[in-house]
Amino acid sequence: MRSVKQLDEEEAAFLARPHKYQYLQDDARKIWAEAQKASGANREDRWAQLAQQTVLKPDPNPKGETRPIGAEIIAALRRHLANLQGTRCCYCRRWLQNIAHARPVEHILSRDDYPQFSLHYRNLALACRDCNQQKTNKNWTTLDKTAAAYPLPAEAGDYFHPRLPVFDGHIRYVRVETNDAAIAIYQGLTAQGRQLCRDHLKKISQVDALFKNNRQLSGAIERLQAAGDNPEEAEMVKLNEFVGALHEAIYRIAGG
Ligand SMILES: [Zn+2]
């Protein structure tokens, strides 16, 4: 289990560099802190709002141009979390692809149920697209939805929280990949690990097997995801909807 001290150090490391440019670090820190505080105090989901936040570029700026500082803070957070997680998904431990939409930020306690933690540092992790879509806003905890304080590592309960415990202490896995097939077996070692296997990883390994063991399908999805790196906004939405629908269909085949 990670200690509170370790979690605080991880957060301090993010806050030391919440923006890629040195001259914007102070602004980014202030914007992050204000949004985080408002989210907690008002029980308000501030994630989407932060993603849209802009600031005026410095003078001279006769046209009043802005820069998307909120999205840039989220990009810095994504880089920080990828580094912390060894570039692997927080749930299934597969490698994360180096495309923003293929490594979504996962809100461990969902934004729907726990809006007050929408920007809580310990509530954020990087998941792969499969895990993020599969978990959606499922609530695995019994934590009071009006809780003001984020649970400490010792209070996490009997569900797997990817930021508080250490994965290896809870789950063992074997992943074998050959030229044309893939198989992943997950085994829970603790109550929390068994919960994640039962409620989540079992499905993920079935989906993985269906994708990877069908070369045409997995090849098509990889091409679609790679093509989604830099398209126009509207195309991106359509592409995401299509890949999402395809994943949904696969989940149904996988039994649920
Ligand atoms: Zn995953």
Side-chain angles (χ1 to χ4, degrees), residues 1-15 32 36 39-40 43-47 74 77-96 103-173 175 184-205 207:
M1 194 179 290
R2 286 194 182 89
S3 65
V4 172
K5 182 168 174 277
Q6 200 177 351
L7 289 161
D8 287 346
E9 283 169 2
E10 288 170 1
E11 185 167 12
F14 167 61
L15 292 176
W32 172 263
Q36 199 179 44
S39 172
R43 263 197 105 236
E44 191 186 344
D45 176 5
R46 291 290 294 260
W47 181 257
I74 291 173
L77 176 70
R78 202 178 259 119
R79 282 193 294 276
H80 164 82
L81 290 172
N83 189 35
L84 208 61
Q85 294 173 206
T87 328
R88 286 179 182 270
C89 169
C90 65
Y91 292 121
C92 71
R93 307 298 271 181
R94 287 180 294 186
W95 295 107
L96 290 166
R103 47 173 71 181
V105 175
E106 157 74 2
H107 288 79
I108 299 157
L109 300 177
S110 79
R111 290 156 64 193
D112 280 0
D113 286 334
Y114 301 95
Q116 68 272 40
F117 301 136
S118 66
L119 288 170
H120 197 291
Y121 175 75
R122 294 178 201 172
N123 196 39
L124 306 169
L126 286 192
C128 70
R129 194 190 175 89
D130 285 346
C131 283
N132 187 257
Q133 284 195 333
Q134 176 59 28
K135 178 168 173 282
T136 57
N137 56 3
K138 282 180 195 139
N139 186 6
W140 291 333
T141 92
T142 52
L143 181 70
D144 180 358
K145 289 183 184 167
T146 61
Y150 203 78
L152 292 167
E155 302 165 345
D158 277 352
Y159 73 103
F160 182 78
H161 185 301
R163 290 295 308 282
L164 304 182
V166 177
F167 187 93
D168 294 344
H170 295 272
I171 295 146
R172 291 202 64 75
Y173 69 90
R175 174 179 297 285
I185 299 161
Y186 294 91
Q187 185 193 13
L189 305 175
T190 61
Q192 290 95 327
R194 284 189 285 277
Q195 177 275 330
L196 190 69
C197 288
R198 184 182 64 241
D199 294 341
H200 183 74
L201 292 173
K202 190 173 155 215
K203 184 75 66 66
I204 292 296
S205 72
V207 170

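Legend: residues meeting salt bridge (charged side-chain N to carboxylate O under 4.0 Å, His left out) with R93, ordered by chain and number and at least two apart, are absent. For the salt bridge (charged side-chain N to carboxylate O under 4.0 Å, His left out) test, residues two or more places apart in sequence or in another chain that qualify with E10 are R2, R163. For A82, the side chain to side chain contact (heavy atoms under 4.5 Å, CB included) partners are R103, L126, not counting sequence neighbours. Applying the ring-ring contact (aromatic ring centres under 6.0 Å, His included) test to Y121 and every residue at least two apart in sequence or in another chain returns H80. Under the rule for a ring-ring contact (aromatic ring centres under 6.0 Å, His included), the partners of Y186 that lie at least two apart in sequence or sit in another chain are Y173. Not counting sequence neighbours, R79 has no partner by the salt bridge (charged side-chain N to carboxylate O under 4.0 Å, His left out) test. For S39, the side chain to side chain contact (heavy atoms under 4.5 Å, CB included) partners at least two apart in sequence or on another chain are R46, S118. Under the rule for a side chain to side chain contact (heavy atoms under 4.5 Å, CB included), the partners of R43 that lie at least two apart in sequence or sit in another chain are P115, Q116, K145. The side-chain hydrogen bond (donor to acceptor under 3.5 Å, both in side chains) check on Q187 picks up nothing, with sequence neighbours excluded. Scored by the side-chain hydrogen bond (donor to acceptor under 3.5 Å, both in side chains) test, H200 finds no partners at all (sequence neighbours excluded). Every side chain to side chain contact (heavy atoms under 4.5 Å, CB included) that D8 has, sequence neighbours left out, goes to V4, R122. For E155, there are no salt bridge (charged side-chain N to carboxylate O under 4.0 Å, His left out) partners two or more places apart in sequence or in a different chain.
The two residues C90 and E106 have their closest heavy-atom pair at SG-CG, 4.4 Å.
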(Q) Before you tell me yes or no, could you show the steps for Y91 and F167 under ring pair (Phe, Tyr, Trp, His ring centres under 6.0 Å), namely the whole-Å CA-CA distance, both residues' side-chain angles and the distance that decides it to 0.1 Å? (A) CA-CA 8 Å; Y91 292 121; F167 187 93; 9.0 Å; no
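Within the 3.5 Å criterion, the main-chain N or O of L109 finds a donor-acceptor partner in the side chain of N123. Here the side chain of N132 pairs no donor or acceptor atom with the backbone of A127 at under 3.5 angstrom. A donor-acceptor pair is defined here as one N or O able to donate and one able to accept, closer than 3.5 Å; such a pair exists between the side chain of Y114 and the backbone of L143.
Between F14 and W32, the gap from one ring centroid to the other is short of 6.0 Å.
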